Amino acid sequence: MIIEPCENAENICRVMHLAFERYKEDPIPSSALVETSQTIEKELQKGIRVWCGKINEQLIAIVKVVSQEDALYFSRLSVIPSMQGQGYAKQFVRFIEQQATMEGKCHVTCKVRSSEEGNIQLYRKLGFEIVGEKMIPNILGQNIQVVSMRKRINSAF
């Protein structure tokens, strides 16, 4: 998979919606499903970075990344359903870790719904630890229980 910056809001939205479709029937569906190319465009204008994963020029995955004081925070890690389970999410996380190291950050962080045991286990296997748990409102104002996860990375700083 080739990972490169992505600024096409329609493509970002399409991949995210495909990846999060399985959460549509949850008691509180993922707010990723109500994001639009317009909301993504606004995020890009505010400085949120989006990285795209491509295979043979086909977009198969995206992730949003925000720089924080000592960390890179990632969200909406999305792999299209037909490509899930093949290690692309792990590849993205490793890429984010490399970016964080190059930017002199000490950590990579994310938030995961507490009910998403598979995602939590994936991040634990990659060296993340749970550093907090709380209720937060999603973009629709619905409260969801999430865990904050963090991985310390090697950094010269």
Side-chain angles (χ1 to χ4, degrees), residues 1 3 6-55 58-97 99-100 107-152:
M1 176 172 70
I3 300 174
C6 187
E7 294 187 359
N8 183 314
E10 281 187 31
N11 287 342
I12 294 166
C13 190
R14 180 180 53 79
V15 169
M16 188 172 49
H17 284 186
L18 285 170
F20 280 81
E21 180 72 19
R22 71 183 182 105
Y23 301 108
K24 191 174 186 177
E25 301 302 321
D26 281 2
I28 301 176
S30 174
S31 56
L33 295 169
V34 298
E35 289 195 44
T36 65
S37 56
Q38 292 81 17
T39 60
I40 292 167
E41 189 62 46
K42 287 180 185 174
E43 287 181 315
L44 292 168
Q45 290 170 2
K46 290 181 181 177
I48 290 178
R49 292 180 277 175
V50 180
W51 295 93
C52 294
K54 293 181 177 180
I55 295 179
Q58 178 189 358
L59 181 60
I60 64 151
I62 65 101
V63 66
K64 294 180 180 181
V65 178
V66 176
S67 183
Q68 298 175 329
E69 185 175 320
D70 70 340
L72 282 186
Y73 171 80
F74 71 92
S75 64
R76 301 294 199 224
L77 179 54
S78 306
V79 178
I80 62 172
S82 63
M83 303 302 276
Q84 291 175 2
Q86 298 180 43
Y88 297 117
K90 290 178 191 173
Q91 194 173 339
F92 251 136
V93 172
R94 289 187 186 110
F95 173 80
I96 295 164
E97 291 171 5
Q99 287 296 122
H107 299 97
V108 173
T109 63
C110 65
K111 287 186 174 65
V112 181
R113 282 185 185 216
S114 298
S115 61
E116 289 300 316
E117 295 175 17
N119 291 346
I120 293 169
Q121 283 305 106
L122 169 66
Y123 296 137
R124 280 189 163 152
K125 285 180 186 175
L126 294 173
F128 285 74
E129 62 181 348
I130 293 174
V131 294
E133 185 169 6
K134 64 181 176 179
M135 294 287 270
I136 63 167
N138 65 14
I139 61 176
L140 299 173
Q142 301 163 310
N143 286 326
I144 55 172
Q145 188 78 23
V146 299
V147 294
S148 295
M149 301 190 77
R150 178 178 64 199
K151 179 178 182 178
R152 180 154 184 85

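What you are looking at is a predicted structure, and each value in this text was computed from that prediction instead of being measured. Residue indices begin at 1 and follow the sequence shown. Keep in mind that the numbers below use all heavy atoms, side chains included, and drop hydrogens, waters and symmetry copies.
- The shortest non-hydrogen separation linking Tyr23 to Glu116 is CE2-OE2, 3.0 Å.
- When every heavy atom of Ser67 is checked against every heavy atom of Leu72, the shortest pair comes out as CA-CD2, 3.7 Å.
- Results of the salt bridge (charged side-chain N to carboxylate O under 4.0 Å, His left out) test with Glu97 over Lys151, Lys90, Arg150 single out Lys151 as the only residue that passes.
- Two residues are said to be in side-chain contact when any heavy atoms from C-beta on lie closer than 4.5 Å; Ser31 and Gln142 fail this criterion.
- Using a 4.5 Å heavy-atom cutoff, the side chains of Glu129 and Arg152 are not in contact.
- Minimum heavy-atom separation, Ile120 to Arg113: CD1-O, 3.8 Å.
- Here CG of Asn11 is found 10.0 Å from CD1 of Ile40. Values are rounded to the nearest 0.5 Å.
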### Query
Could you walk me through whether Ile136 and Asn143 pass the side chain to side chain contact (heavy atoms under 4.5 Å, CB included) check?
CA-CA 5 Å; Ile136 63 167; Asn143 286 326; over 6 Å; no

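- His107 contributes no side-chain N or O that, together with a main-chain N or O of Ala100, makes up a donor-acceptor pair within less than 3.5 Å.
- Among the candidates Val63, Val65, Leu44, the single residue satisfying the side-chain contact (heavy atoms from CB on, under 4.5 Å) test with Val50 is Leu44.
- Salt bridge absent: Arg76 and Glu43 never bring a charged side-chain N and a carboxylate O closer than 4.0 Å.
- Using a distance-only test at 3.5 Å, with no hydrogens or angles considered, a donor-acceptor pair links the side chain of Gln84 to the main chain of Val79.
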#### Entry: side chain to side chain contact (heavy atoms under 4.5 Å, CB included) evaluation trace for Arg94 with Leu126
CA-CA 9 Å; Arg94 289 187 186 110; Leu126 294 173; 4.0 Å; yes

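- The aromatic rings of Phe95 and Phe92 sit perpendicular to each other, their planes meeting at more than 60°, with 30° as the lower class boundary.
- The backbone N or O of Glu10 sits less than 3.5 Å from a side-chain atom of Asn8, completing a donor-acceptor pair.
- Here the side chains of Val93 and Val108 are not in contact, with every heavy-atom distance at 4.5 Å or above.
- Contact between Val112 and Cys110 at its shortest, heavy atoms only, is CG2-SG, 4.1 Å.
- Residues Gln86 and Ile60 are not in side-chain contact: their nearest non-hydrogen atoms beyond the backbone lie 4.5 Å or more apart.
- Here the closest non-hydrogen pair linking Ile48 and Lys64 is CG2-CB, 4.1 Å.
- Two residues are said to be in side-chain contact when any heavy atoms from C-beta on lie closer than 4.5 Å; Ser78 and Leu18 fail this criterion.
- For Glu133 (side chain) and Ser114 (main-chain N/O), no donor-acceptor pair under 3.5 Å exists by modelled atom type.
- Between Ala61 and Val15 the shortest heavy-atom distance is CA-CG1, 3.9 Å.
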### Task
Mind running side chain to side chain contact (heavy atoms under 4.5 Å, CB included) on Thr39 and Lys42 for me, showing each step along the way?
CA-CA 5 Å; Thr39 60; Lys42 287 180 185 174; 5.7 Å; no

